[in-house]
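Worksheet: the structure to be examined is printed underneath.
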Amino acid sequence: MRPSEFNAQIKLAAKQIYYPLCIKYIEDNLDEGFHPLALATLVYYLPKNILDLPSKEERRAAIDSIPQKATPSHTRQLVEHGVMTLWKKDRGGI
């Protein structure tokens, strides 16, 4: 798989917003050998998609769909931090 194809698949996975759906997309569309890299890359695309949700409650539900012990470690914290950083940046705070 070419890097551009991989990247496109991860972007599509992140558009699923809720972590279990993202994982399902990865499992259904990428060879198993790519799963660890896909999960590690997902944290870079997921925050923007979560931030684009229309309400705070929906954003919280999307973040809460990520297990505390997701692989790779600290996935939930990285996504939550990414959402908060983008939110502050979009509002001129950074």
Side-chain angles (χ1 to χ4, degrees):
M1 174 178 285
R2 294 182 9 218
S4 60
E5 294 169 6
F6 176 81
N7 194 41
Q9 289 297 320
I10 301 308
K11 287 180 179 180
L12 290 171
K15 288 184 184 261
Q16 307 306 306
I17 310 256
Y18 294 92
Y19 196 72
L21 298 176
C22 295
I23 299 303
K24 179 162 178 27
Y25 185 91
I26 288 169
E27 290 172 349
D28 291 348
N29 293 283
L30 293 171
D31 291 335
E32 191 173 340
F34 287 104
H35 292 183
L37 181 59
L39 294 174
T41 307
L42 185 64
V43 299
Y44 295 101
Y45 293 105
L46 203 47
K48 176 68 173 124
N49 291 321
I50 291 174
L51 185 62
D52 288 343
L53 291 170
S55 72
K56 181 179 180 179
E57 292 77 21
E58 289 177 90
R59 291 188 291 275
R60 176 51 50 199
I63 291 170
D64 286 345
S65 76
I66 304 169
Q68 289 289 348
K69 294 186 179 184
T71 301
S73 64
H74 307 295
T75 295
R76 182 174 174 157
Q77 292 84 358
L78 288 169
V79 170
E80 189 167 20
H81 179 72
V83 170
M84 292 172 67
T85 300
L86 290 171
W87 184 82
K88 289 177 185 176
K89 184 179 179 185
D90 285 351
R91 282 141 186 87
I94 294 179

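A salt bridge links R2 and E5; the closest N-O separation between the charged side-chain nitrogens and carboxylate oxygens is under 4.0 Å.
In the hydrophobic clustering of ILVMFWY residues, with side-chain heavy atoms under 4.5 Å counting as a link, L46 and L12 come out apart. The same ILVMFWY cluster, assembled from side-chain heavy atoms under 4.5 Å apart, contains both I23 and Y44. By the rule that hydrophobic residues join a cluster once side-chain heavy atoms approach within less than 4.5 Å of another member, F34 and Y25 end up as members of separate clusters.
E32 places none of its side-chain heavy atoms less than 4.5 Å from the side chain of E27. For the pair F6/L37, a side-chain contact is recorded, criterion being any heavy-atom separation below 4.5 Å from C-beta on. Two residues are said to be in side-chain contact when any heavy atoms from C-beta on lie closer than 4.5 Å; R76 and D64 meet this criterion. Between I50 and L86, every side-chain heavy-atom pair lies at or beyond the 4.5 Å cut-off. Residues L30 and I10 are in side-chain contact: their nearest non-hydrogen atoms beyond the backbone lie under 4.5 Å apart. Taking the side chain as every heavy atom from C-beta outward, I63 and Y19 never approach each other to under 4.5 Å.
Enclosure of atom NE2 in H35 by more than 12 non-hydrogen atoms of other residues, nucleotides or ligands within 6.0 angstrom is indicated.
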Stepwise side-chain contact (heavy atoms from CB on, under 4.5 Å) check, T75 with L39: CA-CA 9 Å; T75 295; L39 294 174; over 6 Å; no

Using the side-chain contact (heavy atoms from CB on, under 4.5 Å) rule, take E80 and H74 through it: C-alpha gap first, then chi angles, then the decisive distance, then the call. CA-CA 10 Å; E80 189 167 20; H74 307 295; over 6 Å; no

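Residues passing the salt bridge (charged side-chain N to carboxylate O under 4.0 Å, His left out) test with R59: none are found, sequence neighbours excluded. Applying the salt bridge (charged side-chain N to carboxylate O under 4.0 Å, His left out) rule to D52 yields the partners K48; only residues at least two apart in sequence or on another chain are considered.
Atom CG in L42 sits 13.0 Å away from atom NZ in K11 (nearest 0.5 Å). A distance of 13.0 Å separates CG in D31 from CD1 in I26, rounded to the nearest 0.5 Å. Summarising the geometry, atom NZ belonging to K88 is positioned 5.0 Å from atom CE belonging to M84; distances are rounded to the nearest 0.5 Å.
Using modelled atom types, no side-chain atom of T85 and backbone atom of G82 make a donor-acceptor pair closer than 3.5 Å.
A14 and Y45 get closest at one heavy-atom pair: CB-CB, 3.6 Å. Summarising the geometry of P20 relative to S65, their closest heavy-atom pair is CD-O, 3.6 Å, with the distance given to 0.1 Å. Nearest heavy atom pair, residue N49 against residue I17, reads O-CD1, 3.3 Å.
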